[in-house]
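A short worksheet on the structure shown next.
Scope of the values below: all heavy atoms of this structure, side chains included, with no hydrogens, waters or symmetry mates. Predicted, not measured: the structure shown is a model, and the values here were computed from it.
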Amino acid sequence: MDTGLSGFIKKLPLKPLSLININQISPDAYILSLPKTHDFLPGQVVAITLDASVAPRLYSLCSAPKDETMQILFSVKPEGLLTPKLVNCSKGDQLLVSTPFGAFLGDEQPAWWIASGTGVAPYRSMLRAGLDHNKKLIHGGRFAHNFYFQDEFASALNDNYIRCCSQESGDGLYHGRLTTWLHEQQQLPAHQMYYLCGSAEMVVEVRDILIGKGIAIERIMSEIYF
Amino acid sequence: MEKITLFGKTPDELKQVVGELGMKPFATKQIAEWLYKKHARTFDEMTNISLKDRQRLNEKCSIGLETFSNVQSSADGTKKYLFPTEKNRFIEAAYIPDDDRATLCVSSQVGCKMGCLFCMTGKQGFQSQLSSGEIVNQISSLPEREKLTNIVYMGMGEPFDNLENVMKSLELLTSDWGYAMSPRRITVSTIGMIPAMKHFLEKSECHLAVSMHTPFHEERKKLMPIENVFPIAEVIETLRAFDMGRQRRVSFEYIMFKGLNDSTKHVNEIARLLNGMRCRINLIRFHPIPDTPLESSDETVIQQFREALVKKGIRTTIRASRGQDIFAACGLLSTKALVKMQTPDF
């Protein structure tokens with residue numbers, strides 16, 4: 001029996017793409033730019049790996065469909081199999097990339113965007129696609145440098161951009177976890193959507209809080225780092 | 001230096017260890033037999049291996065079998081075993097005796113990252129993958145091991161999110177050099193991770209169970225975030241395209257939620273999606289978990305739903321709820337109380 005990963009990888013239509021560039025945007029996060037080979041919708045993901053020895057992982061695109069490149073945001077997981085290698089890639093290196101897919105899609109309706117860490121990536125795509133009207137972003141991170149794209153979000157969303165920083169305090173930051181911020185809200189808007197993107201721990205905890213505050217499950221949409 | 005764990009290794013992997021230890025090549029087969037046929041728990045039991053080689057094994061290797069650290073017994077005979085894994089983590093396995101059958105529900109991960117709304121395991125988040133040895137240890141270290149007739153990968157975790165170790169564990173269970181179980185006695189359950197599912201279908205002969213829970217895309221997205229990337233309609237299309245043969249079984253798991261997925265509209269859409277497909281639907285009563293707005297459908301509704309599906313030509317069964325009093329029933333396995341949660345990133 002073949003228990004290797006090669007068979008798994010063959011099942012995804014991955015194609016080699018040359019890395020355009022990789023930019024470090026904070027001490028722990030990078031943006032990787034790839035040629036845009038297909039149209040996509042804000043909120044969609046691509047599967048990426050380097051070679052057949054590492055299973056592909058799914059990453060939300062953080063660029064907009066109108067942009068010339070496809071970009072992903074990632075942080076390095078020291079114990080991970082892919083990101084420690086990804087961070088050492090340079091311009092021209094070949095990555096195996098799927099076509100964009102996924103149904104965690106933004107629209108024009110009023111909504112709260114809730115994210116932890118790099119889970120903010122799909123909202124940046126939605127923002128750049130002009131879907132920021134009637135939106136509020138609640139972003140949780142450990143440190144002040146974890147609020148990726150904060151200039152863009154602050155400029156577009158103004159007071160509707162909440163940064164919850166659990167380990168540091170600072171100008172404009174809510175000092176505490178985003179779950180604490182949510183608990184402190186007396187009443188949540190009942191007739192809008194709530195988008196959740198981040199780790200499984202964050203998604204299940206936030207979802208429970210929202211449900212506990214009377215939000216119907218039909219109004220909660222979740223995307224997890226699979 | 002850390003010892004090499006032998007349990008869970010294939011003959012090729014054991015051969016490499018035997019070579020590194022300077023033992024004769026035939027020791028590979030002997031060790032495999034002691035591990036997987038004779039269920040040895042110490043090297044001293046391996047009496048056809050020379051004393052000198054056993055000493056070498058004791059110095060450099062560990063067997064890797066772990067005894068359960070707790071067991072709870074249900075009034076209906078179900079038992080829930082707690083097994084330790086690496087880094088002081090724990091998993092649960094449910095032993096379910098039933099007349100002439102005895103099924104073990106095994107875990108494939110510590111926790112789960114799929115975040116399904118109705119599942120207790122999902123509440124604890126994801127802690128780590130189980131190795132193939134840790135998966136099969138749940139069988140090997142089970143007091144009722146000799147009584148087992150069926151294995152189901154429906155415990156903690158999403159098996160296809162740990163594909164390599166799950167495939168290796170299936171090889172161990174079904175190979176002649178391993179437990180030599182029929183693949184027809186093993187069912188692997190998935191929420192529908194399509195690439196990994198295709199790999200499993202091609203490389204294994206075990207049965208497959210797919211968690212459907214609703215046939216509607218928008219509704220399933222709210223219950224199961226995986227629907228965003230691997231929609232149930234595509235999962236079914238993938239299965240249709242694969243020749244299952246006559247012996248292999250595909251079933252769909254369907255938890256019945258009151259007022260959410262138990263209507264005639266759902267019956268019709270299931271029938272449309274599964275039209276002409278040789279499969280079975282397993283209806284499951286929902287076992288409530290903390291902080292959930294979901295409720296189980298009423299008994300009469302479950303019966304009517306089954307009858308309606310049968311009328312549509314779909315073989316449909318209602319799964320008996322077992323071990324509910326010890327939280328061993330479907331969707332209730334969890335070691336959250338024992339998890340020292342990682343520092344959250346939010």
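- The CD atom of B:Q127 sits 6.5 Å away from the CD atom of A:E201 when rounded to the nearest 0.5 Å.
- Annotation for B:P225 and A:I224: closest pair CG-CD1, 3.9 Å, computed over non-hydrogen atoms.
- No donor-acceptor pair closer than 3.5 Å links the side chain of B:K113 to the backbone N or O of A:A200.
- Residue contact with chain A, scored on non-hydrogen atoms closer than 4.5 Å, involves the side chain of B:L260 exclusively.
- By the 6.0 Å contact criterion, CD on B:E86 is open, its count of non-hydrogen atoms from other residues, nucleotides or ligands being 12 or less.
- The choice from A:I211, A:V203, A:L105, A:V45 that makes the most heavy-atom pairs within less than 4.5 Å of chain B is A:I211.
- Contact detail for A:F104 and B:N228: the closest heavy-atom pair is N-OD1, 3.7 Å.
- When heavy atoms are compared at a cutoff of 4.5 Å, A:S222 approaches chain B by way of both its backbone and its side chain.
- A distance of 9.5 Å separates CD in A:E223 from NZ in B:K221, rounded to the nearest 0.5 Å.
- No more than 12 heavy atoms of other residues, nucleotides or ligands shown are found within 6.0 angstrom of NZ on B:K29.
- Only the side chain of B:L294 comes within contact range of chain A, judged by heavy atoms closer than 4.5 Å.
- For chain B, the nearby parts of A:I217 are the backbone and the side chain; heavy atoms of each come within less than 4.5 Å.
- Counted within 6.0 Å of CD on A:Q187, heavy atoms from surrounding residues, nucleotides or ligands total 12 or fewer; the atom is thus considered open.
- B:K15 NZ: 12 or fewer foreign heavy atoms inside a 6.0 Å radius.
- The CZ atom of A:R207 sits 12.0 Å away from the NZ atom of B:K222 when rounded to the nearest 0.5 Å.
- Within a 6.0 Å radius of CZ in B:F327, no more than 12 heavy atoms belonging to other residues, nucleotides or ligands are found.
- The candidate with the highest count of non-hydrogen atom pairs below 4.5 Å against chain A, out of B:S132, B:G111, B:C116, is B:C116.
- Atom CG of residue A:D208 and atom CG of residue B:L117 lie 8.0 Å apart, to the nearest 0.5 angstrom.
- Proximity to chain A (any heavy atom under 4.5 Å) is shown, for B:M224, by neither the backbone nor the side chain.
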